[in-house]
Amino acid sequence: MGSTRAKRQIRSMLAVDFRRMFRTPFFYLVIGICFVMPILILVMTTMMDGTVSVNPQTGAETVIEGFDNVWQIIGSVSTAQTDAAAGMDMSITAMCNVNMLYFLIAVPVCVFVAGDFRSGYAKNLFTVRAGRTDYVVSKTIVCTLAAMLMLLAFFIGSVIGGKIAGLPFEMVGFGSLNLVFCLLCKLVLAAVFVPIYLIMSVCAKQRLWLSILLSMMTGMFLFMMIPMLSPLNATIAQFGLCLAGGVLLSVGLGLVSRAILRKRSIL
């Protein structure tokens with residue numbers, strides 16, 4: 001009986017959260033940004049490719065290099081040399097790619113949770129019934145799905161942007177199956193970042209600026225690992241590793257979020 005009631009409660013909360021997330025203009029604004037971003041990046045970098053900029057103070061010349069192919073905005077081919085240099089690469093192609101979205105994911109998560117505390121929804125929920133576990137599970141599932149849709153929007157925008165910019169779609173050092181596993185790795189890595197941002201959000205509660213700041217600072221520690229975990233030549237083994245990490249962190253950090261909600265005041 002208790003199990004049936006618990007399932008009914010989580011289904012009810014999921015339905016509410018899905019409706020609140022996917023019926024708000026803000027979410028579709030974020031999806032639109034994720035879609036347009038790669039188009040602008042690919043078109044602008046292609047136009048600027050080969051442009052020389054001169055430092056007026058030192059006279060040093062810098063040649064701007066654009067993307068060699070469309071898939072470079074999704075990831076890079078993993079080798080021992082590229083993995084070692086990935087953390088030090090500050091070029092446009094290394095910074096302006098899909099990995100930026102793992103920071104942007106923090107925005108809808110923090111806005112969603114902060115809205116619950118500002119509107120009094122969380123207070124009413126936790127006062128009427130002890131729904132902290134249901135709350136964390138529901139938020140994790142809904143926000144992870146939203147993050148995956150953001151990544152998919154970026155991928156679609158990349159294909160369209162590549163067509164507009166006239167960049168080649170050739171696959172050097174990887175194949176179509178590797179690209180599929182790369183995309184799958186990118187998607188399940190959302191389950192690694194969302195629980196982290198959820199913890200920061202429940203700690204900050206209605207203070208949206210603080211939750212976003214904490215999320216960005218924490219996300220930086222894992223940012224350099226993304227290219228190594230989800231390269232263009234990804235395999236099923238790397239997908240399994242990302243999936244396992246996403247599941248374990250979602251469960252483990254979800255328990256931390258629940259503990260924080262139980263210990264701290266909900267006001």
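Side chains included, hydrogens not; waters and symmetry mates left out as well; all remaining heavy atoms used. What you see is a predicted model; the values in this text were computed from it and never measured.
Summarising the geometry of Ala234 relative to Asn178, their closest heavy-atom pair is O-ND2, 2.9 Å, with the distance given to 0.1 Å. Taking both residues in full, the closest heavy atoms of Ala147 and Ile105 are given as CB-CD1, 3.7 Å, listed atom of the first, atom of the second, then distance. Summarising the geometry of Ile41 relative to Thr45, their closest heavy-atom pair is O-OG1, 2.6 Å, with the distance given to 0.1 Å. Between Val109 and Cys143, the shortest heavy-atom contact is CG2-CB, 3.8 Å. Taking every heavy atom of both residues into account, Cys182 and Ser230 meet most closely at SG-O, 3.6 Å.
Within the 4.5 Å cutoff, the side chain of Leu167 has no heavy atoms near those of the Asn69 side chain. Residues Asp134 and Leu14 have side chains not in contact (no heavy-atom distance under 4.5 Å, counting atoms from C-beta outward). A 4.5 Å side-chain heavy-atom check between Val77 and Val172 finds every atom pair outside the cut-off. At a threshold of 4.5 Å between non-hydrogen side-chain atoms, the residues Leu183 and Ile74 do not count as touching. A heavy-atom distance below 4.5 Å is found between the side chains of Ile164 and Ile160.
The ring-ring contact (aromatic ring centres under 6.0 Å, His included) analysis of residues 136-156, with sequence neighbours excluded, yields no pairs. For residues 145-173, the set of pairs meeting the side-chain hydrogen bond (donor to acceptor under 3.5 Å, both in side chains) definition, not counting sequence neighbours, is empty.
Placement of Trp209 and Ile212 within a single hydrophobic cluster is found when ILVMFWY residues are connected by side-chain heavy-atom separations under 4.5 Å, directly or transitively.
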- Ile226 and Asn99: side-chain contact (heavy atoms from CB on, under 4.5 Å), yes or no, with the steps? CA-CA 7 Å; Ile226 300 172; Asn99 298 336; 3.1 Å; yes
- Check the pair Phe181 / Ile236 against side-chain contact (heavy atoms from CB on, under 4.5 Å), numbers first and verdict last. CA-CA 6 Å; Phe181 281 126; Ile236 190 172; 3.6 Å; yes
- Which is it for Val107 and Val111 under the side-chain contact (heavy atoms from CB on, under 4.5 Å) test, yes or no, and what are the steps along the way? CA-CA 6 Å; Val107 176; Val111 169; 4.2 Å; yes
- Would Ser176 and Val180 count as a side-chain contact (heavy atoms from CB on, under 4.5 Å) if you check the C-alpha gap in whole Å, the side-chain angles of each, and the deciding distance to 0.1 Å? CA-CA 6 Å; Ser176 300; Val180 171; 5.7 Å; no
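Here Leu229 contributes atom CG and Leu189 contributes atom CG; the two are 6.0 Å apart, rounded to the nearest 0.5 Å. Ser211 OG to Met216 CE: the interatomic distance, rounded to the nearest 0.5 Å, is 9.5 Å. A distance of 6.0 Å separates CG in Leu42 from CZ in Phe67, rounded to the nearest 0.5 Å.
Take Lys139 and apply the salt bridge (Lys or Arg N to Asp or Glu O under 4.0 Å) test, not counting sequence neighbours, and it matches Asp17, Asp116. Evaluation of the side-chain contact (heavy atoms from CB on, under 4.5 Å) rule for Leu179 yields Trp71, Met171, Phe174, Leu232 as partners, not counting sequence neighbours. Legend: residues meeting side-chain contact (heavy atoms from CB on, under 4.5 Å) with Val16, ordered by chain and number and at least two apart, are Arg19, Arg20, Tyr121.
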Can you list, pair by pair, the side-chain donor-acceptor contacts under 3.5 Å of residues 238-261, counting residues two or more places apart and other chains?
residue	atom	partner	partner atom	Å
Gln238	OE1	Thr235	N	3.0
Ser250	OG	Ala191	O	3.0
Ser250	OG	Gly246	O	2.7
Ser257	OG	Leu253	O	3.2
Arg258	NH1	Thr133	OG1	3.3

Show me the donor-acceptor pairs within less than 3.5 Å that the side chains of residues 23-40 make with the rest of the protein, sequence neighbours left out.
residue	atom	partner	partner atom	Å
Thr24	OG1	Met21	O	2.9
Tyr28	OH	Phe22	O	2.6

Name each donor-acceptor pair under 3.5 Å that joins a side chain in residues 192-203 to protein atoms two or more places apart or in another chain, with its distance.
residue	atom	partner	partner atom	Å
Tyr197	OH	Tyr102	O	2.5
Ser201	OG	Tyr197	O	2.8

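Under the 3.5 Å distance criterion, the side-chain polar atoms of Thr144 are matched with a main-chain donor or acceptor of Thr140.
Tested against Arg118 for a side chain to side chain contact (heavy atoms under 4.5 Å, CB included), the candidates Lys205, Gln206, Arg207 yield a single pass: Gln206.
Residue Phe221 places its CZ atom among 12 or fewer non-hydrogen atoms of other residues, nucleotides or ligands, all under 6.0 Å distant.
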